[in-house]
Every structure is written in C-alpha cells, then in structure tokens.
Amino acid sequence: MNPTAVPTSTVFTAPAAEQELISSLPPGFRWGVATSAYQIEGSIDADGRTPSIWDTYCQVPGAIANGDNGDIACEHYTRMPQDVALIKELGLDTYRFSVSWPRVQPGGKGGINPAGIAFYDRLVDELLAQGIDPWVTLYHWDLPQELEDAGGWPVRDTAYRFADYSMLVFDALNDRVNTWTTLNEPWCSAMLGYAYGAHAPGRKEYPAAVAAVHHLLLGHGLATERMREAAPRKLDIGITLNAATAYPASDQHPDLEAARRADGMGRRLYLDPLVYGRYPADVVADLAAEGIEIPVQEGDLATISAPIDVLGINYYFSQQFTGFAEDGKTVGDDGLPIIRSLPLNRPRTAMDWEIVPEGFTDLLVGISREYPGLPMVITENGAAFDDTPDENGYVADEGRTAYFATHLAAVAEAIQQGADIRGYLAWSLMDNFEWAYGYEKRFGIVRVDYDTQVRTPKQSALYLKEVVQNHRSA
Ligand code: FCB
C-alpha cells in the first residue's frame, strides 16, 4: 500500500440518479469483499496440502493463459495479516473467503489436518480482532485430485465426501463463524468443469456434467442438514449461485424457447430443487429429449431442499438469446433446437462480458417473486478491466468504479421493487488467479504487483470505501 499516492477526497461521482438509489440502501446492509483459496493463497505444498483438480489442470498444456498457475498467486497464505488489515482499512464489515479442501483434508479423506486448518483458524481470529465478520465458503472449486480420480462430482460418493469434509471445517470454526456457504456456483463446477472442458477437471461429457449438478446439490443438502443439526446457535447457512437474466431476442417462439432453456439450465435447475424440492419439469423434459436423466434417488430432493437462511447471488452479466441460427434454421445438425446468445450491443469488460446492470435488477426481482421468502446477499459482483498503474502503482480504474456504481444502484432498485437483499460483497479484494485466464484478467479493487506482491488500493476501492462510509453515517 502506498497511502500517500492516493487521493483522499471524493474519488468518483456517480450520476445523480445512481447516487440517489445507492443512498437508499437500507440500514444494516452489509458490505464486504470476496476471494477464494486457490485464486489467492499460493503455498500449494505447505503444511500437508495435496493437489486439487486445479493444480492438475494448470499443468495441462494450453489450459491456462500464459501457462499460469496458482503456485504462488497473491502469497496470501503468508501475507494474510496484511490482507486482513487492508480490508479493515477499506472500512468493510464482511470478508467472504473459501477453505481449501486439500489443505484441511489432504487427499479428500480421513480426519482434519491440524496444520491446514490452523491457517483458517488464524484468519478467522485475525478478522474478528479487526471487527470483520468472517463468511466461509466451503467449496470454491478445488476438489482434492484423489476424489476426481475416483470419478469426481459425476459420482454420487463425492457428495458424501463433501459433507464429511464440511463437518471437519464446521466443527473447527463454528464457534466463531456465523455465516456458511456450502458451494460457490455449482453451475461452473458442473458445466465449465465437466461439460465444456473450460475449467478443471477439463472434461467434456454432458451427461456426466448433469450428474455433477445433482451430486453437487446433494452434497450441499447433506452438508446443510448436518451443519444445521450440529449448530451450537443460530447460524446462517446457504449456497451461492451464479445467475443472470436470459432475455429473449424477440417474442417469436424460437427466441422465447431459447431464453427459457438458457434460464432453465442456468438458474431454475438449481433454484427449483433447492427451494421447492423438485427439478423443473421443462428442463427435465429437455434433458430427456437428449437421452439424459438426472440421477435422483429416493429422498435426495428432500435433502437438497433443506431450508437455507441466505441465498448468495454472484452476478457479472446478462445475455439475450435467439433460437434462430444465422441461416434462419431453428434446429441444428444434431437435431436439437438452436440456442445462441446475441449481443445486446453494450460496452464490454475485459472478459468480453457485456455490462448489463438492469439484468441484475431483473434477476433479483425475478428470484424474489419466484422464490419468495429467501433473503439474498450479493456474494460476488465486479468487473475485469485492463488496468494501467501509475508510477506509484495506483490505478484510476474509472471503468470498474462506474461498474460498481451502476450495479449497486441496480441492487438498490431491486430492493425498491421488493427484493430482500441484505448485503453486497465485491469481487474481489485483490487481483488474483482468474482461473483459465490466469493473471491476465484483473478483478481486484486492490492492485497486486505480481513481481513484488505490493498491494495498492485502486480508485474503485476508495470509491467503495466512501460509499460504505456514507451509508453508515446516513
Ligand atoms: C466467478 C467466480 C470467481 C471469479 C469471478 C470472476 O464465477 O466465483 O472465482 O472467477 O467469477
């Protein structure tokens, strides 16, 4: 950090309408940042940690941009106290981090690894000492490699292994941690990992990916039931989903159908079983038409729909969909209906994701209507841009700052329309290992110089700090 290099007065002025919405956020709204273990920790061999599927996947030639990996990342494992001090300095009240499964249960079996859990023990104590609420995510994609070798998430047993692992962490930290998320974005684990081969373990087996969806949800349910039963007091237990609004490109039937399918596979396939204990009939029928069956066993859906206290929503962008191919056909060579995203012609982030804040509002309002009674917290929202630091390492990241302003306004708008949203955690505390994009894409509100590991808050961090201060003093 270089405090002399950064301006201290107002760093960004959002348009008046956005400011007004943001200032309408309710009292008690919580503010924080999120990270995940593999993206920041480094120290992959320390204290008995064994490889996860991401360590393995990073060795696949061409899998990760520039051949990057998480071996060193942000060296958070050894720099943790300074990173906590940074969160404190930004005036945030909540820190969402994930626990590395192969650190605390090497190989994915047996009891707890005392040296591995000791890190999270210290982290929790450090956060509490600084007045920051720790929010634990149990699984942010780093499955122990041994469990993938045994079949991974497409195999039912992995759900039980996850519940056992969850209890090891829960027993160690529940005396101090009040908020627990089982899974981060099961869609990504299942689809990017097992259907599209874009994330670890890099498989391209669609039926296996659908089985993975079910076993991830089952693992969530098993862990939730067991944590609830063992909870020493009232705790908040939930899951985090990535979701978006799927807009139809027109009201023609093929476009409406394409949007329905995208929404079904992306959002309802998770929310319906979690909230109502059933898979959506239309999605089940679509899958059946492809010869795919969700491997549900008796009692699974009751487990999956174990009550949760908080639904985490991660939002980055929305898309519109068409059911027409470029040549106008509505059925592809594989005999399946066409489903294709079409640009909304909006500005894009460095991820090439379109910036669609109203998709955020529509998503949150939609969920609150279709699945009422479920308090939500935004557990991730943010944007990658190509940052240019000045000689002090300071980044005047106007694009990212504006993104936060429009998206905070979108959340406030959703609340005004009746959605129950209790907080907002920005992705991410600092630049980090952005999965298949390696270190090329920067989502941090704090810049990390990977040569020196120096952290420098960007304009967006100072803006969020100011928003939080204003909110608290209102
Ligand atoms: C989310 C992930 C997070 C990060 C952001 C950009 O899908 O949960 O780890 O990669 O996207």
Side-chain angles (χ1 to χ4, degrees), residues 32-42 52-55 57-58 63-65 68-70 73-74 76 95-101 135-143 181-196 198-200 213 216 220 238-244 265-267 270 311-319 348-356 359-360 363 376-387 397 399-400 403-404 407 424-446 448 458 460:
V33 277
T35 63
S36 89
Y38 189 70
Q39 295 180 274
I40 62 168
E41 286 179 358
S52 77
I53 53 175
W54 274 94
D55 297 277
Y57 187 61
C58 285
I64 313 290
D68 288 343
N69 58 51
C74 306
H76 174 71
Y95 177 48
R96 171 179 178 249
F97 60 92
S98 82
V99 173
S100 159
W101 186 344
W135 179 320
V136 168
T137 298
L138 288 160
Y139 185 74
H140 201 126
W141 307 353
D142 42 2
L143 186 72
T181 289
T182 53
L183 306 175
N184 178 69
E185 304 188 352
W187 179 90
C188 291
S189 296
M191 291 297 145
L192 297 180
Y194 293 96
Y196 307 138
H199 274 188
V213 171
L216 282 152
H220 153 82
I239 186 169
T240 277
L241 304 177
N242 55 308
M265 282 305 293
R267 193 181 68 104
Y270 302 85
L311 173 66
I313 292 293
N314 293 355
Y315 179 83
Y316 290 92
F317 64 104
S318 289
Q319 289 174 295
R348 291 169 185 260
T349 69
M351 298 293 282
D352 211 26
W353 296 341
E354 291 192 280
I355 301 174
V356 193
F360 201 4
L363 171 74
M376 290 181 266
V377 168
I378 309 312
T379 40
E380 287 179 28
N381 175 238
F385 284 95
D386 295 325
D387 291 335
D397 57 340
R400 186 178 293 105
Y403 181 99
F404 282 124
H407 286 74
Y424 178 93
L425 315 183
W427 183 269
S428 181
L429 168 62
M430 55 189 161
D431 295 333
N432 58 48
F433 175 76
E434 180 45 39
W435 310 113
Y437 295 90
Y439 297 97
E440 213 171 80
K441 302 292 182 216
R442 293 175 178 267
F443 275 90
I445 60 171
V446 172
V448 176
K458 303 177 192 175
S460 53

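Counting convention: from 1, in listed order, for ligands and their atoms alike. Heavy-atom basis, side chains included; hydrogens, waters and symmetry copies ignored.
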> Parallel, tilted or perpendicular for Tyr139 and Trp101, by the 30°/60° rule?
Replying inline: perpendicular

> Among all residues two or more places apart in sequence or in another chain, which pass the salt bridge (charged side-chain N to carboxylate O under 4.0 Å, His left out) test with Asp431?
Replying inline: Arg442, Lys458

Tabulated below should be the N or O atoms of ligand 1 paired with protein N or O atoms at under 3.5 Å; can you produce that?
residue  : atom   : partner : partner atom : Å
ligand 1 : 7 (O)  : Glu185  : OE1          : 2.5
ligand 1 : 7 (O)  : Glu185  : OE2          : 3.0
ligand 1 : 8 (O)  : His140  : NE2          : 3.2
ligand 1 : 8 (O)  : Asn184  : ND2          : 2.9
ligand 1 : 8 (O)  : Glu185  : OE1          : 3.4
ligand 1 : 8 (O)  : Glu185  : OE2          : 3.3
ligand 1 : 8 (O)  : Glu380  : OE1          : 3.0
ligand 1 : 8 (O)  : Glu380  : OE2          : 3.0
ligand 1 : 9 (O)  : Gln39   : OE1          : 2.8
ligand 1 : 9 (O)  : His140  : NE2          : 2.8
ligand 1 : 9 (O)  : Trp435  : NE1          : 3.0
ligand 1 : 10 (O) : Glu434  : OE1          : 2.8
ligand 1 : 10 (O) : Glu434  : OE2          : 3.0
ligand 1 : 10 (O) : Trp435  : NE1          : 2.9

> Relative to each other, are the rings of Phe317 and Trp353 parallel, tilted or perpendicular (30° and 60° limits)?
Replying inline: parallel

> Which of parallel (below 30°), tilted (30 to 60°) and perpendicular (above 60°) describes His407 and Tyr403?
Replying inline: parallel

>> Can you tell me which residue among Asn381, Asn242, Thr379 is in a side chain to side chain donor-acceptor pair (under 3.5 Å) with Asn314?
In response: Thr379

> If we ignore angles and hydrogens, is there a donor and acceptor under 3.5 Å between the side chains of Thr35 and Tyr95?
Replying inline: yes

